[in-house]
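First comes the structure, then the notes that go with it.
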Amino acid sequence: MVDFKLSAQLVGHEADVRAAAFASTDAVVTASRDCSVRLWKRGQGQNASFEGALLSRGSEYVNAVAFYPPNAEHPDGLVVSGGKDTIIEVKNPKQQASDHAERLLIGHAHNVCALDVASNGKFLVSGGWDGQARVWNLGTWETELQLSGHEGMAVWAVLALDDKTVVTGCADKNIRVFDLTKGKGGEVDATATIYTPDVVRALCRVPPTHPSGADIASASNDGTIRLWKLNGQQIGELHGHESFVYSLASLPTGELVSSGEDRTVRVWKGLECTQTITHPAISVWTVTAHPETGDIVSGASDGVARVFTRRPDRVADKDTLKEFEDSVKASSIPQQQVGGINKEKLPGPEFLQTKSGTKDGQVQMIKEDNGNVTAHTWSMSQQQWVNVGTVVDAVGSTGKKVEYQGKSYDYVFDVDIEDGKPPLKLPYNLSENPYERATKFLHDNELPLTYLDNVANFITENTKGATLGQTEQTGGPDPYGTESRYRPGEAAQQPALLPQKEYLNISAAKYEDVAIFNKISSVNKTMISSGRKDTALNPGEESALSSLRAALESSSTIPAEALPSLVKIVTQWPYGDRLAGLDLMRCVARFHTAAKYKDSNGTLVELAVAASLPNGEAPNENAAMMGARTLANLFSTADGRSLANSKVGDVLSFLERVTGIQGGSAIGPNNRNLLIAATTIAINLSVLVNKEKLLSPNDRRRLLQVIGALLKGQTDSEVLYRGLVALGTVAATSKGDASAVPGISGWVNEAAGKASEDRVKTVAAECKKLVA
């Protein structure tokens with residue numbers, strides 16, 4: 001069989017390409033972590049390039065895409081996409097990004113990570129982090145069936161196998177087969193459950209001409225592709241990937257194709273790997289195939305989608321092919337990806353001329369004459385070794401490896417999950433994907449997947465020194481995110497830190513929820529026993545809080561009916577007893593339900609301010625800290641940002657009170673948590689200025705005065721860093737407002753003089769240029 005060769009590189013996305021689908025033989029749809037969906041069309045003639053157009057742009061990552069084939073009602077077909085905003089968007093491929101969607105399918109409560117359209121075009125299947133798998137009727141655009149049994153575990157793969165059969169792959173390590181004709185009351189139970197050794201990341205149908213006779217294939221974190229009959233019988237295994245396998249597809253030739261975290265797309269004939277296509281990126285998130293031409297398209301962490309073909313007339317020109325080959329050779333491979341290397345025992349370059357490989361994709365390390373170690377893979381079709389990059393070290397801030405269970409890691413963290421019990425060990429290498437390591441940690445310790453965001457964020461914030469600036473393009477976590485990861489060429493790049501582009505939040509650790517609710521329950525019992533039943537929660541209000549707890553623990557949409565109980569705690573309970581309630585308000589602020597809430601006490605902004613700093617009470621700095629965290633987390637949703645903008649005067653007045661600009665002396669001037677929360681609000685307001693061009697000139701100057709007060713006299717690196725990022729973002733957007741604030745250069749110079757970390761010095765230097 002002829003090898004695949006590069007046909008085109010689709011360059012335009014600003015972050016990882018997470019999903020792709022063919023819309024026709026010469027059109028591709030891609031979805032990205034840059035929050036966009038793009039349509040690429042090939043021009044006419046030989047060697048014609050693809051031209052990209054923005055089809056949709058939202059405010060959250062887009063992680064899944066599928067194409068609904070043309071029919072009489074929709075002659076151009078439809079592009080279906082889903083992601084972190086939980087909404088499935090359906091658009092005509094000829095629409096502009098500014099046009100309204102044809103349909104918005106609402107039902108998921110968390111990130112939508114898998115989509116598949118039935119071959120007959122009558123239904124769509126979706127899977128999400130909320131443990132839901134839904135079958136949507138494409139005639140009515142309504143949920144027709146919910147596929148049960150996933151018990152809140154993420155559904156990472158869905159497959160519409162035929163007109164009546166759907167298969168799902170789940171984080172609980174199970175594959176479930178559903179007969180849609182057996183649905184009752186809007187739900188259907190699995191007719192068969194296939195138990196696998198690891199979490200299921202991808203599924204595809206196995207072509208009927210495949211020699212194994214299998215029905216489906218699955219891929220897992222252990223790097224193994226498994227072939228199954230629908231009755232659960234395992235037919236075979238495909239070995240070759242050296243890390244997580246993210247995506248699978250079948251080819252019209254009867255072959256399979258896969259992609260993964262080992263930088264490769266692999267083509268499989270029978271049980272053997274016949275071609276390995278190495279990419280100049282750490283993660284190849286997706287691969288899909290055209291059912292007729294057999295062309296494939298991949299999407300990777302370098303933000304590029306690539307089309308590969310076996311058709312000679314569609315192969316890219318020599319310059320493009322050489323550019324791709326050179327970019328692969330120039331890639332830097334983290335040493336952790338290839339395991340321990342003893343340079344002294346490695347063969348020299350002569351090995352490549354005298355020894356052959358035994359299988360396609362086999363990796364051989366070579367010690368070059370200059371002392372570098374290069375990686376080479378064996379190509380069976382070319383019968384030669386192909387240079388795929390140089391191996392580099394990637395070690396933690398100490399420069400020393402840490403041993404854990406016989407292996408070397410850059411970091412081994414202690415994670416406290418429960419009071420009174422010893423901490424759990426969390427090993428991590430900088431070359432790893434934080435979300436993948438967090439997922440493995442949770443599975444190894446039998447912890448709920450609802451902890452995933454927090455464990456991944458913990459890793460991100462405790463590696464590479466900086467907690468901001470280094471992940472500017474990523475914007476936050478996603479199912480298999482790439483924050484704080486090694487990227488090819490990253491060491492040589494010094495991207496500008498300013499202006500900050502993404503909003504930040506201070507997430508509540510999921511495992512803290514238990515302590516919050518236990519504290520509320522304890523205080524409530526004390527109030528009842530002491531005769532304060534009028535202020536204590538009644539059974540109905542306690543029940544409402546229980547539903548709120550369940551929603552938070554499952555990362556589901558919070559129930560609006562529970563919010564009055566929370567408001568009662570933070571407004572009617574004594575100031576000294578409401579800290580747990582304020583902590584809970586911080587947790588719910590990141591949901592749009594809370595952003596839309598309003599009662600006689602006002603909106604969430606007025607509630608946060610009045611409850612944390614009530615009139616007539618001596619300020620409690622920890623209560624003020626919780627109020628600040630609530631306001632910071634409000635920027636997590638579009639509704640929250642809209643509310644913050646409409647109440648910006650109240651937010652600024654709160655910050656002015658905290659910093660002592662008005663209303664009394666500064667609150668908690670040495671309370672690091674309060675200062676970080678306050679500087680996070682300042683950053684989010686500055687991003688509002690930069691991205692949305694909001695806040696009046698007077699409010700921008702008030703914000704700068706607050707930032708100056710927060711920076712004054714500070715030596716804490718994180719406070720200095722966040723304050724300077726906020727200041728620089730406003731200055732980069734509105735130099736006129738910055739120049740109108742007296743003393744701003746002095747604030748920057750003072751902060752730079754107290755900086756002990758390079759990241760602070762770097763952002764201070766950028767600020768100096770902006771305010772000069």
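Just the heavy atoms: all of them, side chains too, but no hydrogens, waters or symmetry mates, feed the values below.
Of all heavy-atom pairs spanning Ala114 and Ala64, the tightest one is N-CB, 3.8 Å. For the pair Ser283 and Tyr246, the tightest heavy-atom approach, listed with the atom from each and the gap, is CB-CE1, 4.2 Å. The two residues Thr288 and Phe22 have their closest heavy-atom pair at O-CE1, 3.8 Å. The nearest pair of heavy atoms linking Phe324 to Leu6 is CB-CD2, 3.6 Å. The minimum heavy-atom distance between Leu230 and Ala192, with the atom names listed, is O-CB, 3.8 Å. Closest approach of Val328 and Pro280 over heavy atoms only: CG2-CD, 3.8 Å.
The only option from Thr86, Asn111, Asp85 that meets the side chain to side chain contact (heavy atoms under 4.5 Å, CB included) definition with Glu60 turns out to be Asp85. Considering Arg314, His290, Arg311, Arg310 in turn, Arg311 is the only one that fulfils the side chain to side chain donor-acceptor pair (under 3.5 Å) rule with Asp295. A side chain to side chain contact (heavy atoms under 4.5 Å, CB included) with Val158 is found for one member of Leu124, Asp116, Leu203 and no other, namely Asp116. Residue Lys322 is tested with Asp319, Thr320, Asp326 for a side chain to side chain donor-acceptor pair (under 3.5 Å); the sole match is Asp326. With respect to His241, the side chain to side chain donor-acceptor pair (under 3.5 Å) criterion is satisfied by exactly one of Ser259, Ser258, Ser220: Ser258.
Within the 4.5 Å cutoff, the side chain of Ser56 has no heavy atoms near those of the Asp99 side chain. Between Val257 and Val265, some side-chain heavy-atom pair lies under the 4.5 Å cut-off. Lys269 places a side-chain heavy atom less than 4.5 Å from the side chain of Glu255. Looking at Ile225 and Trp268, their side chains come closer than 4.5 Å, going by heavy atoms from C-beta outward. Side-chain contact check for Trp228 versus Gln234: some heavy-atom pair is nearer than 4.5 Å. Leu227 places a side-chain heavy atom less than 4.5 Å from the side chain of Leu271. Residues Val117 and Phe67 fail the side-chain proximity criterion, which asks for heavy atoms closer than 4.5 Å. The shortest side-chain heavy-atom distance between Pro347 and Gln364 falls under the 4.5 Å cut-off.
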*After noting the C-alpha distance and the side-chain angles of Thr309 and Thr293, does the key distance pass the side chain to side chain contact (heavy atoms under 4.5 Å, CB included) rule?*
CA-CA 8 Å; Thr309 187; Thr293 66; over 6 Å; no
*Val125/Leu159 under side chain to side chain contact (heavy atoms under 4.5 Å, CB included): CA gap, chis, key distance, verdict*: CA-CA 7 Å; Val125 190; Leu159 173 64; over 6 Å; no
*May I have the step-by-step check of side chain to side chain contact (heavy atoms under 4.5 Å, CB included) for Leu78 and Leu138, ending in yes or no?*
CA-CA 11 Å; Leu78 294 169; Leu138 295 186; over 6 Å; no
*So His376 and Ile366, side chain to side chain contact (heavy atoms under 4.5 Å, CB included) or not? Walk me through it.*
CA-CA 8 Å; His376 302 255; Ile366 297 295; 3.6 Å; yes
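Remark: the backbone N or O of Gly169 is not paired with any side-chain donor or acceptor of Arg201 at under 3.5 angstrom. Side-chain atoms of Gln95 never come within 3.5 Å of backbone atoms of Ala101 as a donor-acceptor pair (strictly under, hydrogens ignored). Under a 3.5 Å cut-off, the side chain of Arg18 and the backbone N or O of Arg33 do not form any donor-acceptor pair. Within the 3.5 Å criterion, the main-chain N or O of Ser212 finds a donor-acceptor partner in the side chain of His210. Listed for the Ser32 side chain is a donor-acceptor partner under 3.5 Å among the backbone atoms of Asp16. At least one donor-acceptor pair under 3.5 Å links the side chain of Ser247 to the backbone N or O of Val287. Checking side-chain atoms of Asp34 against main-chain N and O of Ser36 turns up a donor-acceptor pair under 3.5 Å. Lys84 contributes no side-chain N or O that, together with a main-chain N or O of Cys35, makes up a donor-acceptor pair within less than 3.5 Å.
Side chains of Ser98 and Gln96: no donor on one and acceptor on the other come within 3.5 Å. Between the side chains of Thr224 and Glu237, no donor N or O sits under 3.5 Å from an acceptor N or O.
For the atom pair NZ (Lys329) and OG1 (Thr374), the distance works out to 11.0 Å, reported to the nearest 0.5 Å. Distance check: Ser356 OG to Gln384 CD gives 11.0 Å after rounding to the nearest 0.5 Å. Note that CD1 of Ile194 and CZ of Arg176 are 11.0 Å apart. Values are rounded to the nearest 0.5 Å. One distance of note links CG of Asn92 with CG of Asp76; it measures 5.0 Å at 0.5 Å rounding. Rounded to the nearest 0.5 angstrom, Lys355 NZ and Trp385 CH2 are separated by 11.0 Å. Atom CD1 of Ile277 and atom CG of Asp3 lie 8.0 Å apart (nearest 0.5 Å).
Of the charged side-chain nitrogens involved, none lies within less than 4.0 Å of a carboxylate oxygen, so that Lys122 and Asp163 do not count as a salt-bridged pair.
Within 6.0 Å of CD in Glu350 there are more than 12 heavy atoms belonging to other residues, nucleotides or ligands.
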